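Remarks on the structure that follows.
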Amino acid sequence: MLASISSSILHPSIIPGNCVARRKWSMWQAELRGSGGKLRPGATTMVAGSGGGGSVGIEAVERLYLGMDFGTSGARFALIDKQGAIQAEGKREYPLYMSNEHVDWVRSWKETLFSLLEDVPVHLRPLIGSISVDGTSATTMIVDSVTGEPLWRPLLYNEGCPDALPMVKSVAPPNHTVCSASSTLCKLVSWWNSDASNKSAAILLHQADWLLWLLHGKIGISDYNNALKVGYDPEIDSYPPWLLSQPYAQILPSVKAPGTPIDYLSEGIRTQYGFPQDCVVCTGTTDSIAAFLAARATKPGEAVTSLGSTLAIKLLSTIRVEDARFGVYSHRLDDKWLVGGASNTGGAVLRQIFTDKQLAELSEQINPAQPSPLDYYPLQSVGERFPVADPKMAPRLHPRPDDNVQYLHGILESIARIEAKAYNLLQELGSTPVQQVFTAGGGSKNETWIKIRERVLGLPVRRAAQTEACYGAALLALKGCSPDEI
Ligand SMILES: Nc1ncnc2c1ncn2[C@@H]1O[C@H](COP(=O)(O)OP(=O)(O)O)[C@@H](O)[C@H]1O
Ligand SMILES: O=C(CO)[C@H](O)[C@H](O)COP(=O)(O)O
């Protein structure tokens, strides 16, 4: 039964062609099968109950698995059991603090992390066997390798360092994923070339890596999804020689598969929040990979479009495709590839113009079978990553009709055209052709938009069974709940 659960719930191919990881994976499956999924020694048997945060009562001798998603506009958690049923969930907006004219994301993310732990129902916390976190890709932090304190302000997923691009292009292969101003490597090189005096004390972390460090206390560990845009090659399970030979290679984090147990939850946090002694913290992934895992797409040709603040596309392909000229890259998934990219169009543009309530009300008045004559390129600000990699691309949201229904129709249809252009580009570059699109993220609740997208894409488009990235992070925690491997 467990085998069917693991194959149906969790993509067994999350682990790449890495025999050690596979052996761990099979050991984990055998161990869990042997224990019948019962609590390990030292865990607490709980009575059924219901608590806040959307939890439901459970006959609890099972362990639970906590996934947290740190997206663009806010953070969410999902607490699942080993059948993948959600036992509790919740979300938090990011508190906004300013520091030196910038948003103090470090303070906001840290506060949000512990607020989410507070929101996990108290009576379920002793059941939690493992925790994982996903974050926005290429959100880059340079921190002190001892204290974890930031040495530079975090640079977000869509911020660019064009100053570093010529140097990165001079060392990386042509059109490599890192040859984009918003890549993690460009951010690293930009810092390295600045007046950074404390290079020997520094280490590079991604947003998810830093949040996980706050929980387990072992600094300098990342996963091969987050590390892709700093230059890690998941096909050889290593940083490539051209990168290791650079002076700044000294501050690169070590890299493990997503969902790998790192260490137990720190004692102070464990006792403060009431988590069990054997609660492990596992490596994470990026938000759009977590959304892909949540959607449980398993066949080549199946794709997940994350309609969150941005438009992130992941197509399961047997062929790896990389081309920075268009912002196309491939994350590894065992012997297959998640080919795609992330556009700066998406829900954040909608949120600048409409409230979520207006979106729902106006969308109901749109006839999705009717094409919109309006032709926009909806962006929040100048710059696009994919399917056109142009840091100078300007937003185009005019002419604006008087009627908001027509305006929204034009925007939704224009974003659908960008999505169609993206999937066509992946096929032109050699990926497995797309056959079916699942939708994740906040935009997946819009049935009108799904119908517009089906018409524009000429493909079946469905809302994913689970649309939240935090569910995918919880599946990673489920995979990684193996303290024996620490
Ligand atoms: N009914 C709707 N139709 C289309 N988009 C929506 C709707 N409701 C919310 N959204 C969009 O969903 C986005 C939030 O989705 P979410 O997945 O939470 O984003 P992220 O995790 O990237 O912050 C918002 O930008 C919002 O505009
Ligand atoms: O747009 C984003 C934030 O939501 C990220 O860029 C998104 O995570 C896509 O990156 P990746 O494909 O590496 O997961």
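Throughout, residue positions are numbered sequentially from 1 according to the sequence presented. Ligands are counted one by one from 1 in listed order, and the atoms in each one are counted from 1 as well. Bear in mind that the values here come from a model prediction, so they are computed numbers and not experimental data.
The contact set between ligand 2 and Thr72, taken as ligand atoms under 4.0 Å from a residue heavy atom, comprises 3 (C), 4 (O). Those atoms of ligand 2 with a heavy atom of Arg385 less than 4.0 angstrom away are 1 (O), 2 (C), 5 (C), 6 (O). Of all atoms in ligand 1, listed by their number and element, those nearer than 4.0 Å to a heavy atom of Lys445 are 1 (N), 8 (N), 9 (C). Every atom of ligand 1 with a heavy atom of Asp356 under 4.0 Å away is listed here by number and element: 8 (N), 9 (C), 26 (C). Near Ala348, the atoms of ligand 1 lying under 4.0 angstrom from a non-hydrogen atom of the residue are 25 (O). Numbered from 1 in the order shown, with element, the atoms of ligand 1 that lie under 4.0 Å from a heavy atom of Ser73 read 18 (O), 19 (O), 20 (P), 23 (O). When each atom of ligand 1 is checked for a heavy atom of Gly441 under 4.0 Å away, the hits are 17 (O). Below 4.0 Å from some heavy atom of Tyr329 lie the following atoms of ligand 2, by number and element: 9 (C), 10 (O), 11 (P), 12 (O), 13 (O). Residue Lys229 approaches ligand 2 through these ligand atoms, each under 4.0 Å from one of its heavy atoms: 6 (O), 10 (O), 11 (P), 13 (O).
For atom 7 (C) of ligand 2, the nearest non-hydrogen atom of the protein is Asp287 OD1, 3.3 Å. Of the protein's non-hydrogen atoms, the one nearest atom 3 (N) of ligand 1 is Asn446 ND2, 3.0 Å. Arg351 CZ, 3.5 Å is the protein heavy atom nearest to atom 24 (C) of ligand 1. Scanning the protein for heavy atoms near atom 2 (C) of ligand 2, the closest one is Tyr157 CD1, 3.5 Å. Of all protein heavy atoms, the one lying nearest to atom 6 (C) of ligand 1 is Leu359 CD1, 3.7 Å. Counting only heavy atoms of the protein, atom 16 (P) of ligand 1 lies nearest to Gly442 N, 3.7 Å.
Counted within 6.0 Å of CD on Glu93, heavy atoms from surrounding residues, nucleotides or ligands total 12 or fewer; the atom is thus considered open. Counting heavy atoms of neighbouring residues, nucleotides and ligands inside a 6.0 Å radius, atom CE of Met167 does not exceed 12 of them.
In this structure, Tyr329 has its ring center under 6.0 Å from that of His331.
Of the N and O atoms on the side chains of Thr286 and Asn225, not one donor lies less than 3.5 Å from an acceptor on the other residue. A donor-acceptor contact closer than 3.5 angstrom links the side chains of Ser180 and Ser182. Of the N and O atoms on the side chains of Gln207 and Thr136, at least one donor lies less than 3.5 Å from an acceptor on the other residue. There is no side-chain donor-acceptor pair under 3.5 Å between Asp134 and Thr285.
Residue Tyr94 comes nearest to Ser108 through the heavy atom pair CB-OG, 3.4 Å, listed as atom of the first residue, atom of the second, then distance. Residue Ile418 comes nearest to Pro387 through the heavy atom pair CG2-CD, 3.7 Å, listed as atom of the first residue, atom of the second, then distance.
Close N/O approach between Ser309 and ligand 1 is found [any backbone or side-chain N/O within under 3.5 Å]. Residue Gly347 places at least one N or O, backbone or side chain, under 3.5 Å from an N or O of ligand 1. Geometrically, ligand 2 and Thr310 share a nitrogen or oxygen pair separated by less than 3.5 Å. Close N/O approach between Thr136 and ligand 2 is not found [any backbone or side-chain N/O within under 3.5 Å]. Not one N or O of Ser363 is nearer than 3.5 Å to an N or O of ligand 1, by distance alone. Of the N or O atoms in Gly71, none lie within a sub-3.5 Å distance of an N or O in ligand 1.
Neither the backbone nor the side chain of Phe354 comes within 4.0 Å of ligand 1, counting heavy atoms alone.
For atom 13 (O) of ligand 2, the nearest non-hydrogen atom from the set Ser137, Ser330, Ala342 comes from Ser137.
Taking the ring centre of Tyr376 as origin, the terminal cationic atom of Arg396 falls outside the region bounded by 6.0 Å and 45° from the ring axis.
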Decide salt bridge (Lys or Arg N to Asp or Glu O under 4.0 Å) for Glu322 and Arg320; before the verdict, give the C-alpha distance in whole Å, the side-chain angles of both, and the deciding distance to 0.1 Å. CA-CA 7 Å; Glu322 309 273 339; Arg320 180 180 189 178; 3.0 Å; yes
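The shortest separation from a heavy atom of Arg76 to ligand 1 is under 4.0 Å, placing the residue in contact.
Note that CG of Leu185 and CH2 of Trp192 are 12.0 Å apart. Values are rounded to the nearest 0.5 Å.
Ion pairing between a basic and an acidic side chain is recognised when a charged N comes within 4.0 Å of a carboxylate O; Lys299 and Glu302 show such pairing.
At least one side-chain heavy atom of Leu293 sits less than 4.5 Å from a side-chain heavy atom of Leu476.
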